[in-house]
Amino acid sequence: MSGPRVRFAPSPTGYFHVGSARTALFNWFVARQSPDGVFLLRIEDTDADRNREEWVDGIVAAMHWLGFDPDEGPFRQTDNTDAHRAAVEDLFRGGYLYPCACTSDEVAQRKGDNKTPGYDGYCRDRDVPRGPTTGLRFRTPREGATIVHDKIRGDVVTENAVIEDFVVARSSGAALFALANVVDDRNDRITHVIRGEEHLPNTPKQILLWEALSTTTGVTVPIPEYAHLPILVNEQRKKLSKRRDPVAVESYRDAGYLPAAILNYLSLLGWSPRGDEEKVPLSVCIEQFRLEDVSHSPAFFDLKKMAHMNGEYIRELSPEDFLAAAAPWVTPWTSKWQPTEGAPPWTQETFDFAVWEAVAPLVQERVALMGEIVPMIEFFFVSEAPFDEAAFDKTIRNDDKARELLSRSLDVFGDCEWTSSSLHAAVVALGETLELNLRKAQAPVRCAVTGKTVGPPLFESLELLGRERTLQRVREALAKAGG
Ligand code: GLU
């Protein structure tokens, strides 16, 4: 028996959304579980008004970045229009479709107060001739029921009588989504349709189309297994929205997420590996993943948790891998790819790689995202300390003891041995003379030298910055504070 053939079938109408990435990933898991599994990418680009080529590029690039390139494709649904039209004609000849001339206003008017959703079947038995204004509707059976054997939800039974006679093709003969999607899945011999739960209401209709096509074409293709993945919700338990929530996978790359962390986090959206550990290698996810274990309840997409997990992945990198992963932000001139925003305030000429290499292990301990590195280390590579007025006022200008400590530090820093441990001892001693604990004593020094209130460990940073530049910045801060 050959392995599963799964597909990811996005419509390129916007950025590549985390929900889509999760769908693609779960499909990819199923393909990777069998040596001959196939993961196919089909771009469903039939809606010319809403599709844009750049969105297609975004999907392909993001999938490549995340590490799940398709085994087959990308294919274009628009390349199959002839097959879709042929299917419309087959179904029409087979008596499954009938022309309908009703406008939506007419349908609504006939309904009056009757709130039953869907089409009332007005044209079903009226022998309306096919013409330039008639769509084609599917003649759904009035008897029996259609069952979706959903791997996640179990059997979902729909009485055929409540499935409206849905429109399958426009008057032009062009197939609509439900049919085009089925025709392509049949041609691609898809064995598992794994997609978002918003498609569940389409599925009984699509099963009816699938069966009808098997009959009219004489080509029986087994109905695929279905699995409808739970929706993703935000903190307020509202469906994630492209407008409200930060959901574009492309932007995560800019922010400095690592693909491995994203994949691990996405795998937890509706599923979890065995045991207590959520941070698990991809190979374990592939091995353990089962559609039957996916939950049907909405999955909370927690950006904070994803960032936290990213930090854990960052800390696991070897020193060389960390430098390499940071290159697009820190040494962009060495990197093929750079984030779209946040170019560093230094150049190759003003940058000192030895300093970066020395401070990198301290930074690696402290960031959750690669994008946080630049503000944390900029004070090393710019001529004047960055200036944050609010921090400066609070920590230096409006604090007499802090200014006094800085003035006294000029002598001490002028003399002491320039190592982090001596600097540490010197600031402790200085603090004692002013009855300041270490935290209070180091705050004005940090602010004067780095311009920030937080950052990498101070004394290691001073050692790397050097005596002259440290003294210079303390003097400048005192001058600025008017003291
Ligand atoms: N093109 C559809 C979408 O993006 C997916 C259809 C499917 O997976 O069957 O929602």
Side-chain angles (χ1 to χ4, degrees), residues 4-31 38-60 62-63 68 70 72-81 83-84 87 146 148-153 156 166 168 174-210 213 221-232 239-242 247-249 266 269-270 291 294:
R5 288 179 61 83
V6 295
R7 86 302 194 267
F8 173 50
S11 306
T13 54
Y15 285 115
F16 188 52
H17 179 286
V18 271
S20 300
R22 193 263 319 251
T23 301
L25 180 65
F26 285 10
N27 274 283
W28 185 80
F29 282 160
V30 170
V38 172
F39 173 59
L40 178 151
L41 173 59
R42 181 171 73 227
I43 306 287
E44 300 213 317
D45 57 349
T46 43
D47 186 348
D49 292 343
R50 295 178 62 220
N51 295 165
R52 294 225 307 255
E53 208 45 39
E54 66 191 88
W55 306 134
V56 177
D57 297 342
I59 292 168
V60 173
M63 287 174 67
F68 40 85
E72 293 183 11
F75 300 118
R76 302 285 188 137
Q77 189 153 59
T78 43
D79 287 342
N80 306 338
T81 350
H84 305 152
T146 300
V148 182
H149 300 290
D150 191 282
K151 300 281 260 185
I152 299 172
R153 277 144 223 277
V156 181
F166 53 100
V168 167
L176 296 186
F177 163 74
L179 179 61
N181 183 264
V182 163
V183 169
D184 291 351
D185 282 345
R186 285 169 55 89
N187 287 342
D188 292 332
R189 295 295 188 265
I190 294 304
T191 58
H192 297 68
V193 169
I194 304 165
R195 59 184 178 184
E197 82 176 324
E198 66 278 14
H199 286 291
L200 186 56
N202 292 324
T203 308
K205 297 175 185 171
Q206 292 194 296
I207 290 177
L208 291 173
L209 287 171
W210 194 295
L213 283 170
V221 182
I223 296 207
E225 305 260 21
Y226 287 95
H228 289 91
L229 306 174
I231 57 161
L232 304 186
K239 190 171 189 283
L240 276 197
S241 119
K242 291 192 186 184
V247 291
V249 173
L266 290 179
L269 295 174
L291 286 169
V294 174

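In each ligand, atom 1 is the first atom listed, and ligand 1 is the first ligand listed. Quick caveat, the model's predicted, so the values are computed rather than measured.
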> Quick one: does Trp210's side chain have a donor or acceptor within less than 3.5 Å of a partner on Arg186's backbone?
Replying inline: no
> Which word best sums up how the rings of Trp55 and Tyr15 line up, parallel for under 30°, tilted for 30 to 60°, or perpendicular for over 60°?
Replying inline: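 It falls in the perpendicular class, over 60°.
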> Heavy-atom contacts under 4.0 Å between Phe177 and ligand 1: side chain, backbone, both, or neither?
Replying inline: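 For Phe177, the contact with ligand 1 is made by the side chain alone.
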>> Checking side-chain polar atoms at under 3.5 Å, does Asp184 have a donor or acceptor matched by the opposite partner on His84?
In response: yes
>> Check Arg5 with Asp188, please: is the shortest side-chain N to carboxylate O separation under 4.0 Å?
In response: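 Looking at Asp188 and Arg5, the cut-off is not met.
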> Where is the nearest protein heavy atom to atom 5 (C) of ligand 1: which residue, which atom, and how far?
Replying inline: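 Answer for atom 5 (C) of ligand 1: Ala9 O, 3.2 Å.
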> Looking only at protein heavy atoms, which one is nearest to atom 10 (O) of ligand 1, and how far off is it?
Replying inline: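 It is His199 NE2, 2.8 Å.
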>> Ignoring hydrogens, what is the shortest heavy-atom contact between Asn187 and Ala83? Give both atom names and the distance.
In response: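 Minimum heavy-atom contact is ND2-CB, 4.0 Å.
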> Looking at ligand 1, does Arg7 have a heavy atom less than 4.0 Å from it?
Replying inline: yes
>> Exactly one of Glu197, Glu198, Arg195 should register a side chain to side chain donor-acceptor pair (under 3.5 Å) with His228. Which one does?
In response: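 Result: among Glu197, Glu198, Arg195, Arg195 is the only option passing the side chain to side chain donor-acceptor pair (under 3.5 Å) with His228.
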Quick check on contacts: which atoms of ligand 1 are under 4.0 angstrom from a heavy atom of [X]?
X      : value
Ser11  : 1 (N), 2 (C), 3 (C), 4 (O)
Glu44  : 1 (N), 2 (C), 5 (C), 6 (C)
Asn181 : 6 (C), 7 (C), 9 (O)
Pro10  : 4 (O)

